[in-house]
A.B. asks: 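Once you've had a glance at the structure underneath, I'll fire off some questions.
Protein chains get the first letters and strands the later ones, always in sequence-line order, with residue 1 at the start of each.
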There are 2 protein chains.
Amino acid sequence: MSVTVDGTERLMRIGEVARGAGVSVRAVRYYEQQGLLTADRSPSGQRLYRQDAIARVRFFQQMYAAGLTSRRITELLPCWDAGHTDADQRAMLRAERERIQARIDDLVAARDRLDQVIALTDTHP
Amino acid sequence: MSVTVDGTERLMRIGEVARGAGVSVRAVRYYEQQGLLTADRSPSGQRLYRQDAIARVRFFQQMYAAGLTSRRITELLPCWDAGHTDADQRAMLRAERERIQARIDDLVAARDRLDQVIALTDTHP
DNA sequence: CTTGCCCCTGACGCCGACGTCAGGTGTGAG
DNA sequence: CTCACACCTGACGTCGGCGTCAGGGGCAAG
């Protein structure tokens with residue numbers, strides 16, 4: 001594991017997290033502002049992140065790409081972090097899953113529609 | 001077909017188009033503003049649409065849902081309308097298709113990720 | 001010491017597809 | 001004619017995930 005000899009985990013500054021996750025520094029600060037990501041602070045006030053921060057940021061990106069808002073992600077983070085859920089949270093998880101599935105269906109239909117046009121314009125130039 | 005005895009097509013006003021396509025009146029006006037949809041005008045200035053307007057609006061909705069912008073749709077409309085394309089347009093069609101496919105892949109990954117969480121929270125409540 | 005790079009906190013800007021409000025006109029039923 | 005409802009043209013508001021600029025502090029190398 002990435003742990004130093006004295007047992008403390010190796011910490012990263014914000015730039016390393018951003019590069020590691022392929023996002024901007026601004027984005028990482030924004031996630032903190034939205035309550036998605038917490039960071040320790042160095043004596044001089046710089047943010048210090050643990051190794052799992054990169055994976056978390058990647059996860060946020062994935063959820064954003066799926067159309068979830070920051071608020072929705074914060075509401076669902078307990079499921080992910082603590083592994084425990086109440087009935088409301090389980091319902092929200094399922095609801096989001098259904099939304100994503102619906103969007104997939106829409107996209108597939110749109111793709112097929114474009115494919116029709118492409119086929120037409122190829123055979124009929 | 002929906003043609004009156006004198007051979008003229010039955011025309012709709014904007015509200016009927018909007019209801020038929022499941023969008024707002026404002027949205028239909030917006031599409032015209034973006035150059036996506038044209039309408040005849042009654043002597044008093046009201047927009048009059050042909051029957052195929054509803055299908056066009058549904059098509060726009062589908063493309064919007066797929067992440068295309070109004071500009072992109074206007075650029076691709078000639079393919080759809082005239083059925084002819086130059087090389088640039090064919091390239092654009094394919095590029096959009098690839099983008100949609102990439103978004104589908106992202107969404108499928110996000111869905112699977114959520115499914116993992118759901119499975120966890122179900123077996124481990 | 002200086003240079004260069006990274007970091008900090010505000011705070012305004014942006015984009016796109018509309019929502020919405022204001023103030024006025026058209027239209028069909030009774 | 002009146003009433004209710006649909007329609008018209010501006011034009012400003014919204015929302016979310018950042019980009020970007022302003023102004024100022026760390027921190028290691030040379």
Side-chain angles (χ1 to χ4, degrees), chain A residues 10-49 53-54 56-77 96 99-100 103 106-107 110, chain B residues 10-49 53-54 56-77 96 99 103 106 110:
Chain A
R10 180 177 159 273
L11 299 176
M12 298 174 293
R13 292 190 305 175
I14 195 170
E16 193 172 351
V17 174
R19 277 191 308 276
V23 303
S24 69
V25 166
R26 175 71 172 93
V28 178
R29 290 202 194 100
Y30 177 75
Y31 303 155
E32 179 173 327
Q33 203 178 341
Q34 300 304 304
L36 294 173
L37 194 58
T38 59
D40 293 337
R41 295 298 183 122
S42 78
S44 66
Q46 301 201 348
R47 292 171 178 84
L48 297 176
Y49 297 91
I54 290 180
R56 279 179 79 91
V57 170
R58 287 217 178 94
F59 176 67
F60 298 152
Q61 287 293 111
Q62 198 168 26
M63 293 301 112
Y64 284 136
L68 280 79
T69 63
S70 297
R71 170 159 292 282
R72 248 335 185 236
I73 300 177
T74 51
E75 290 168 346
L76 295 178
L77 264 186
E96 289 301 334
R99 289 189 190 178
I100 293 174
R103 297 193 59 185
D106 287 349
L107 284 175
Chain B
R10 181 178 160 271
L11 298 177
M12 299 174 292
R13 293 191 303 175
I14 195 169
E16 193 173 350
V17 174
R19 277 191 307 276
V23 303
S24 69
V25 167
R26 174 68 172 98
V28 178
R29 291 202 193 100
Y30 176 75
Y31 303 155
E32 179 174 327
Q33 203 177 343
Q34 301 304 303
L36 294 173
L37 194 57
T38 60
D40 293 337
R41 295 296 183 124
S42 78
S44 66
Q46 300 202 346
R47 293 171 178 84
L48 297 176
Y49 297 90
I54 290 179
R56 279 179 78 90
V57 170
R58 287 218 178 94
F59 176 67
F60 299 152
Q61 286 293 110
Q62 199 167 26
M63 293 300 114
Y64 284 135
L68 279 79
T69 64
S70 297
R71 170 160 294 281
R72 248 333 185 236
I73 299 176
T74 51
E75 290 168 347
L76 296 178
L77 263 186
E96 290 301 334
R99 286 156 71 122
R103 296 192 59 183
D106 287 350

A.B. asks: Rounded to the nearest Å, what distance is computed from the CG atom of residue Leu48(B) to the C1' atom of nucleotide dT27(C)?
C.D. replies: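 Rounded to the whole Å, the gap is 13 Å.
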A.B. asks: Between Arg58(A) (side chain only) and Gly20(A) (backbone N and O only), is there a donor and an acceptor less than 3.5 Å apart?
C.D. replies: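 At least one qualifying donor-acceptor pair exists.
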A.B. asks: Is it true that Arg72(B) and Glu75(B) make a salt bridge, defined as a side-chain N closer than 4.0 Å to a carboxylate O?
C.D. replies: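 Between Glu75(B) and Arg72(B) there is a salt bridge, with a charged N closer than 4.0 Å to a carboxylate O.
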A.B. asks: Given side chain to side chain contact (heavy atoms under 4.5 Å, CB included), test Arg56(B) with Leu77(B) step by step and report yes or no.
C.D. replies: CA-CA 10 Å; Arg56(B) 279 179 78 90; Leu77(B) 263 186; 3.5 Å; yes
A.B. asks: Take atom CG of Leu11(B) and atom C1' of dA6(D), then tell me their distance rounded to the nearest Å.
C.D. replies: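 The distance from CG of Leu11(B) to C1' of dA6(D) comes to 17 Å, rounded to the nearest Å.
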A.B. asks: For dG17(D) and Ser70(A) - does any side-chain N or O of the residue sit under 4.0 Å from the phosphate oxygens OP1/OP2?
C.D. replies: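 For Ser70(A), the contact criterion (side-chain N or O under 4.0 Å from OP1 or OP2 of dG17(D)) is met.
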A.B. asks: Assign each of Ser44(A) and Tyr64(A) to its nearest nucleotide of DNA chain D by heavy atoms, then name whichever residue's nucleotide is nearer the 5' end.
C.D. replies: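 The residue closer to the strand's 5' end, by nearest nucleotide, is Tyr64(A).
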A.B. asks: Scan residues 16-37 of chain B against DNA chain D and write down, sorted by residue number, each residue with any heavy atom closer than 4.0 Å; if none is found, say none.
C.D. replies: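 Output list: Arg26(B), Arg29(B).
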A.B. asks: What are the two closest non-hydrogen atoms of Arg29(A) and Ile14(A), and how far apart are they?
C.D. replies: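 So the minimum-distance heavy-atom pair works out to CG-CD1, 3.5 Å.
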A.B. asks: Testing the basics here: between Tyr64(B) and Thr69(B), what is the closest heavy-atom pair and its distance to 0.1 Å?
C.D. replies: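 Distance-wise, the nearest heavy atoms are CE2-C, 4.2 Å.
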A.B. asks: Provide, to the nearest angstrom, the distance between the CD atom belonging to Gln46(A) and the C1' atom belonging to dG26(D).
C.D. replies: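 Rounded to the whole Å, the gap is 6 Å.
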A.B. asks: Can you name the nearest heavy-atom pair linking Arg103(A) to Ala66(A), along with the distance?
C.D. replies: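 Reported closest heavy-atom pair: NH1-O, 3.3 Å.
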A.B. asks: Ignoring the backbone of Arg41(B), work out which of dC8(D), dG25(D), dC7(D) is nearest its side chain.
C.D. replies: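 That would be dC8(D).
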A.B. asks: Ignoring the backbone of Arg47(B), work out which of dC8(D), dC8(C), dT27(C) is nearest its side chain.
C.D. replies: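 Selected nucleotide (nearest to the side chain): dC8(D).
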